[in-house]
Amino acid sequence: MPLITYSPKVFIPLTKLCRDVCHYCTFAQPPRRGERAYMRADEVLEVARAGAEAGCHEALFTLGDKPELRYRAARQELAMLGCETTIEYLARMCELVLAETGLLPHVNPGVMTRDELALLRTVSASQGIMLETASARLSEKGGPHFGSPDKLPARRLETIRLAGELAIPFTTGILIGIGETREERIEALEAIRDLHERYGHIQEVIVQNFRAKPGTKMADAPEPSLDDLLWTARAARELLGLEMHVQVPPNLSYADFPRLLEAGIDDWGGVSPVTLDHVNPEAPWPEIERLRGATEAAGFALAARLPIYPEYVADLDRWADPRVAQEIRKHADADGLAREDRWAAGVESTPPPLPAKEASNRLLLGVEELDEDAITALFQARGPELGAVLAAADALRRETNGDDVTYVVTRNINYTNVCYFRCGFCAFSKGKLAENLRGAPYLVPLDEIVRRCREAWDRGAVEVCLQGGIHPAFTGDYYVELVETIKGELPDLHVHAFSALEVWQGAATLGLPLDDYLTRLRDAGLASLPGTAAEILDDEVRRILCPDKVTTEQWLEVHEVAHSVGLRSTATTMFGAVEGPRSWAKHLVALRDLQRRTGGFTEFVPLPFVHMEAPIFLKGRARPGPTFREAVLMHTVARLALHPHIQNIQASWVKLGAAGAQACLEAGANDLGGTLMNESISRAAGAAHGQEMPPERMDETIRALGRTPRQRTTLYGTPAEERMQLSYGAPALTEPLNPHVNDAGLRRPERLIRPGLAVG
């Protein structure tokens with residue numbers, strides 16, 4: 001469904017003094033005795049904080065053009081503020097808002113020099129100036145811009161050009177009905193288009209209709225008709241093409257605003273739940289739900305955006321100052337639009353509501369296989385379309401799995417938090433709050449691992465899941481010995497262990513082909529592999545997240561070989577950090593293609609990125625995980641895209657929380673994962689959802705949805721009755737022992753094995 005965007009923002013009128021005297025403007029006011037020329041810092045922050053609390057993303061600074069060049073009062077007050085120019089004070093206030101509230105400043109201070117544009121670029125996400133007209137005629141005596149030196153088209157076009165040279169995402173537009181001809185409107189739009197073709201920086205073009213205001217010289221001037229406005233907006237769309245964004249302010253068309261969609265616009269502009277339109281205070285904003293209703297009635301979905309558009313969010317290294325880019329990523333979702341909720345994986349919070357599920361067509365029910373483009377489109381579903389996708393996945397889940405929800409009684413053992421690989425998302429082997437979250441560097445001895453396995457067995461576990469960091473001294477023999485030791489003590493316990501990276505590294509250290517090494521692990525007692533270390537199976541993304549880890553091809557090879565020697569495995573993804581829907585689609589297609597060949601995957605497990613202590617987030621290079629819509633959609637779309645090849649979709653209560661997992665179970669998922677008993681990796685990243693969900697709580701969570709809980713084995717069989725009975729009312733766990741890694745006396749080898757450098 002095509003999108004119409006808007007920007008939830010607050011308007012901050014930093015000063016209403018202006019050296020220009022446009023004959024239609026009521027925003028600009030002369031100095032008044034007893035009134036300040038500029039908003040104080042505390043006043044600016046008060047507005048910005050109210051906007052942040054109301055869910056806004058943008059702080060729009062509106063102000064007059066260089067008032068210090070006309071008014072002594074402006075010069076005197078700037079001097080008291082320690083500034084020489086209005087632009088300098090504006091930059092200071094942008095920095096304050098950015099630092100104190102996180103709102104993204106967008107600034108419209110009028111004509112600027114290169115240095116002024118560059119200064120504001122360091123503290124704002126985007127900038128703008130309305131061209132208004134390309135006609136110098138309107139600046140002549142008797143024209144609406146007479147006496148307004150900053151309204152000369154050549155000066156404004158020069159500002160727009162300089163912004164292009166500085167790679168500033170920029171807003172401009174035209175004002176119609178102030179005496180220009182239609183031909184002059186076209187000339188202005190062509191001038192805007194030409195600058196964009198040269199620099200690529202004009203992210204939106206506004207077509208604004210003049211409204212006569214009492215008390216101005218143009219109070220009795222005729223206003224452009226709705227038909228004239230629609231004609232101009234259509235002309236803008238035709239001249240600018242489909243790639244540029246065209247905006248018409250909805251409040252200036254009053255009740256007729258839904259008709260603006262007929263002209264091909266794709267943006268409503270800024271809409272504030274907190275402040276009025278200070279430029280047009282007589283024209284209140286339509287309420288968001290009214291805007292949404294009109295948008296959806298026309299066949300579009302409404303989506304909030306940032307002051308910087310998605311195309312520019314996708315390349316922040318070019319289009320934003322590094323400090324500002326860090327803040328932009330905090331506000332952005334995977335499409336580069338505004339995050340629509342404050343939910344985050346691993347955080348204790350109530351998930352936001354999802355749209356009602358609606359009837360869907362048979363295509364989404366798995367009748368036809370979805371290609372990469374179709375999967376990408378499903379990940380971008382919003383509004384009514386989202387409800388249809390959720391309904392389709394839930395119906396397919398019911399058709400495939402019935403109303404049972406499965407889970408496995410397992411113990412998770414992370415045997416070391418020491419790792420020589422440098423995954424940017426991992427807080428387990430490194431983290432700012434290491435002592436609080438992961439503790440000191442440790443290595444669990446074999447006898448302690450066996451003790452934990454026996455304790456789990458006595459509590460009804462049917463599986464132990466073993467994963468850890470890769471200590472520099474580990475070789476493939478370590479993993480074999482680990483499995484043999486466990487199976488020697490507990491021959492009936494299913495050992496589910498070792499990511500593709502551990503398998504690859506183990507084989508490489510021994511100089512063995514993967515099939516020989518995996519066969520050796522199988523013969524030692526390994527029963528299946530977890531699908532971790534997958535992250536996103538797109539090497540462009542992996543170069544950012546985990547550049548020294550296994551490649552997409554190597555991850556797929558490990559699992560294909562494992563399946564060929566009789567080992568089943570799970571498939572996972574870790575999503576919501578730096579990638580987007582296209583990469584997610586590539587990931588699902590890669591899994592589906594491998595499953596079609598081998599049939600070896602038992603389930604798909606989406607793992608939303610937990611950001612709080614992740615190094616890549618702390619460095620400002622990643623988003624704060626997926627939005628809740630995205631987290632649910634990963635389960636939903638996986639159900640539709642992987643059918644019928646992978647039929648089990650798991651919701652991770654550790655990442656999602658119980659309520660979040662329930663939402664996924666109602667949108668395509670059929671499995672609630674494992675009871676875990678211990679969980680270290682998500683906790684190290686800052687997750688707060690606990691280390692164990694015992695069977696009693698699993699059952700309660702599932703029954704609350706009107707579904708039937710069912711314990712399972714790793715391979716989705718039914719556990720023995722005595723196993724299930726032992727799992728209820730289990731005694732408390734003994735505190736695990738994690739000795740310091742130095743106690744093991746391991747020696748670092750001369751050369752570390754990394755993907756691409758292996759022998760054999």
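These numbers were taken from a predicted model, which means no experiment stands behind them.
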Does any donor atom in the side chain of [X] or [Y] lie under 3.5 Å from an acceptor atom in the other side chain?
X: Gln203; Y: His196; value: no
X: Glu204; Y: Thr171; value: yes
X: Glu58; Y: Ser7; value: yes

For this session: Taking only Lys NZ, Arg NE, NH1 and NH2, and the carboxylate oxygens of Asp or Glu, determine whether Arg19 and Glu68 approach each other closer than 4.0 Å.
Result: no
Exercise. Does a salt bridge link Glu43 with Arg40, judged by any charged N lying under 4.0 Å from a carboxylate O?
Worked result: yes
Determine yes or no for a side-chain-to-main-chain donor-acceptor pair under 3.5 angstrom, with [X] supplying the side chain and [Y] the backbone.
X: Thr5; Y: Asp267; answer: no
X: Arg237; Y: Met244; answer: yes
X: Ser253; Y: Pro250; answer: no
X: Arg234; Y: Gly264; answer: no

For this session: Going by the side chain to side chain donor-acceptor pair (under 3.5 Å) test, name the single residue among His201, Arg121, His106 that passes it with Ser126.
Result: His106
Which side-chain N or O atoms in residues 160-170 pair as donor and acceptor under 3.5 Å with protein atoms at least two apart or in another chain?
from, atom 1, to, atom 2, distance (Å)
Arg161, NE, Glu158, OE1, 3.0
Arg161, NH1, Glu165, OE2, 2.3
Arg161, NH2, Glu158, OE1, 3.4
Arg161, NH2, Glu158, OE2, 2.7
Glu165, OE1, Arg114, NH2, 2.0

Problem set entry | Sole candidate of Thr232, Val205, Ile186 that passes side-chain contact (heavy atoms from CB on, under 4.5 Å) when paired with Ile174 | Thr232
For this session: Write down the atom of Arg382, the atom of Ala301, and the distance for their closest heavy-atom approach.
Result: O-CB, 4.1 Å
Exercise. Only one of Tyr309, Tyr6, Trp268 clears ring pair (Phe, Tyr, Trp, His ring centres under 6.0 Å) with His245; which?
Worked result: Tyr309
